[in-house]
Amino acid sequence: MATGDERARERPDGAAKAPAAQPVDLPWTTVEHYLGRGLAASYRLSVANKPLVSYEIADGGRGIALHVELTGGHRLPRSPLPAVRIDQIAQTGRRMARFTTPGAELLRDFHDLLLAVADRIVTDGRSLEQAFDETVHGWSALLGRPRGMSLERRLGLHGELAVLGRLARNVGWQAALDAWVGPRGEEHDFALEGADLEIKTTGSELRRHTIHGLGQLSATPGRPLWFASLRLTRGGTGGRTLKDSVKATRDAAAAENIALGRSVDRLLEAAGWDSQQPDDERWTPRDSPLVLRAGDMPRLTEGDLPGNADGRIDHVTYVVDVTGLPHVEKPPIIDLSDLSLP
């Protein structure tokens with residue numbers, strides 16, 4: 001059980017006396033520490049003489065939740081957001097509203113939403129319904145504004161940089177950067193000697209990956225296509241942020257040749273990296289990548305479309321699950337076993 005800040009970390013039984021309400025503050029790095037180690041923790045956010053508001057971290061790294069006591073005739077608010085679930089539970093004799101999300105990949109953003117709701121209740125004295133409604137409306141006003149790279153893209157860049165570093169150790173940084181063709185707009189991520197390689201990275205337990213377009217898993221004529229599935233898990237203080245991986249990659253390339261460091265910068269910019277975007281999520285490999293021949297895995301290509309669909313279907317996106325498929329022990333491209341982040 002967490003200890004430290006008296007108000008934020010008080011157990012929800014209200015045994016410890018808390019000071020007057022202050023702005024809610026629970027750093028993501030603290031939450032990630034417990035998630036990465038699979039430890040449960042409970043943080044009381046409300047003062048002891050007020051209805052209970054607590055932030056819960058589930059055992060085994062299974063997720064986070066906000067618990068808000070329902071007093072009097074207060075009812076559960078309805079969530080207009082598919083990724084936010086609200087249900088009612090009993091906790092130490094109290095009737096509680098529980099906020100959860102089914103999307104493990106959304107935990108970082110969900111954390112911010114929970115704290116925004118809690119702060120409106122604890123600091124501003126809003127009811128649960130008012131706090132949730134104001135938070136949703138406030139965030140909705142920002143939806144049209146870019147927030148930087150999506151989590152999928154950040155994880156994808158993490159994976160590509162890990163493979164780039166492994167390739168550079170084998171063939172040198174110049175050849176490795178020449179092979180990293182994804183940021184240049186090519187269909188596949190790496191054009192290796194005699195074969196192409198597509199990298200997909202996920203933060204989930206299942207190897208479920210989003211495929212963009214009918215060409216992403218289609219081999220270029222005369223060149224075999226291989227597919228690597230990488231799984232990352234939240235690493236707590238021992239993990240690597242994307243900014244850490246970017247810096248390590250740039251420094252390693254520049255150590256060989258200063259011009260290669262500039263080449264890394266150009267490729268990163270083309271890949272959508274922005275050093276000013278928020279970046280406090282730490283990741284570490286869950287296990288070794290799963291490497292498959294693209295032709296041996298479930299996929300959609302142009303050849304799978306019916307004849308009357310030729311030229312009439314565009315922007316195909318689908319999710320493929322390769323969990324449990326047999327790994328190619330010695331792929332003839334690059335050894336990715338025990339891959340680490342830069």
Side-chain angles (χ1 to χ4, degrees), residues 1-5 8-9 25-43 55-65 101 103-112 114-115 148-169 199-209 228-253 255 264 268 271 273-290 323 335-342:
M1 189 62 63
T3 59
D5 175 73
R9 290 161 173 76
D25 180 22
L26 178 56
W28 171 251
T29 51
T30 300
V31 176
E32 193 174 43
H33 169 83
Y34 286 95
L35 289 173
R37 285 160 177 75
L39 301 175
S42 179
Y43 290 77
Y55 186 108
E56 307 292 328
I57 304 172
D59 185 43
R62 291 180 289 109
I64 58 179
T101 182
E105 71 281 2
L106 299 174
L107 290 184
R108 177 63 183 88
D109 295 306
F110 188 55
H111 165 82
D112 290 340
L114 295 185
L115 292 191
M149 299 176 72
S150 67
L151 177 61
E152 178 189 341
R153 292 181 64 195
R154 295 198 303 273
L155 289 177
L157 186 54
H158 250 312
E160 290 178 43
L161 291 178
V163 173
L164 177 67
R166 175 64 60 88
L167 183 61
R169 287 196 291 273
I199 307 294
K200 288 292 181 181
T201 307
T202 179
S204 302
E205 291 189 17
L206 296 179
R207 295 185 182 274
R208 290 170 55 87
H209 303 287
S229 167
L230 281 62
R231 294 194 302 179
L232 304 182
T233 186
R234 298 185 185 278
T237 55
R240 306 280 289 172
T241 66
L242 181 54
K243 189 172 294 186
D244 291 334
S245 289
V246 164
K247 183 179 186 303
T249 300
R250 181 191 293 113
D251 289 349
V264 170
L268 288 168
W273 167 248
D274 178 3
S275 62
Q276 301 304 312
Q277 64 187 343
D279 179 42
D280 59 357
E281 292 179 286
R282 296 181 177 275
W283 301 90
T284 190
R286 184 184 295 270
D287 50 20
S288 289
L290 172 67
T323 308
D335 180 13
L336 298 181
S337 59
D338 299 322
L339 190 68
S340 60
L341 298 181

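What's counted below: heavy atoms across the whole structure, side chains too, no hydrogens, waters or symmetry copies.
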### Euclidean distance, Leu164 CG relative to Ser245 OG, rounded to 0.5 Å
11.0 Å

### Message
If I compare all heavy atoms of Leu107 with all of Thr101, which pair ends up nearest, and what's the gap?
### Response
CD2-CG2, 3.9 Å

### Query
Shortest non-hydrogen contact from Ala248 to Pro342?
CB-C, 3.7 Å

### Task
Calculate, to the nearest 0.5 Å, the distance between atoms CG and OG1 belonging to Leu151 and Thr202 respectively.
8.5 Å

### Task
Given side chain to side chain contact (heavy atoms under 4.5 Å, CB included), test Leu341 with Leu232 step by step and report yes or no.
CA-CA 10 Å; Leu341 298 181; Leu232 304 182; 4.1 Å; yes

### Message
Distance check, rounded to the nearest 0.5 Å: Leu39 atom CG versus His33 atom NE2?
### Response
6.5 Å

## Note on the structure
Those residues at least two apart in sequence (or on a different chain) that pass side-chain contact (heavy atoms from CB on, under 4.5 Å) with Ser288 are Ser337, Asp338

### Task
Show the numbers, then the answer: is there a side chain to side chain contact (heavy atoms under 4.5 Å, CB included) between Trp283 and Leu242?
CA-CA 8 Å; Trp283 301 90; Leu242 181 54; over 6 Å; no

#### Entry: Smallest separation among heavy atoms of Arg166 and Ser340, with atom names
NH2-N, 4.5 Å

### Query
Atom CZ of Arg240 and atom CD of Glu281: how far apart are they, to the nearest 0.5 Å?
15.5 Å

### Task
Return yes when atom CZ of Arg37 has more than 12 non-hydrogen atoms of other residues, nucleotides or ligands closer than 6.0 Å, and no otherwise.
yes

### Task
Kindly compute the distance separating CZ (Arg286) from OG1 (Thr201), expressed to the nearest 0.5 Å.
13.0 Å

### Under the side-chain contact (heavy atoms from CB on, under 4.5 Å) test, residues paired with Thr323 that sit two or more places apart
Leu206, Arg207, Asp321

### Summary
Tightest non-hydrogen contact, residues Ser229 and His209, listed as OG-NE2, 2.6 Å

#### Entry: Non-hydrogen atoms of Asp112 and Arg108 that approach each other most closely
OD1-NH1, 2.7 Å

### Task
Just do the side chain to side chain contact (heavy atoms under 4.5 Å, CB included) check on Lys243 and Val246 with the steps written out, would you?
CA-CA 5 Å; Lys243 189 172 294 186; Val246 164; 5.6 Å; no

### Criterion side chain to side chain contact (heavy atoms under 4.5 Å, CB included) on Glu56 and Ser42, from CA distance to verdict
CA-CA 5 Å; Glu56 307 292 328; Ser42 179; 2.9 Å; yes

### Query
Which atoms form the tightest heavy-atom contact between Leu336 and Pro289, and what is the distance?
O-CD, 3.1 Å

### Query
About how many Å separate CZ of Arg62 and CG of Leu35, when rounded to the nearest 0.5 Å?
11.0 Å

#### Entry: Contacts of type ring-ring contact (aromatic ring centres under 6.0 Å, His included), residue His111, not counting sequence neighbours
Trp28, Tyr55

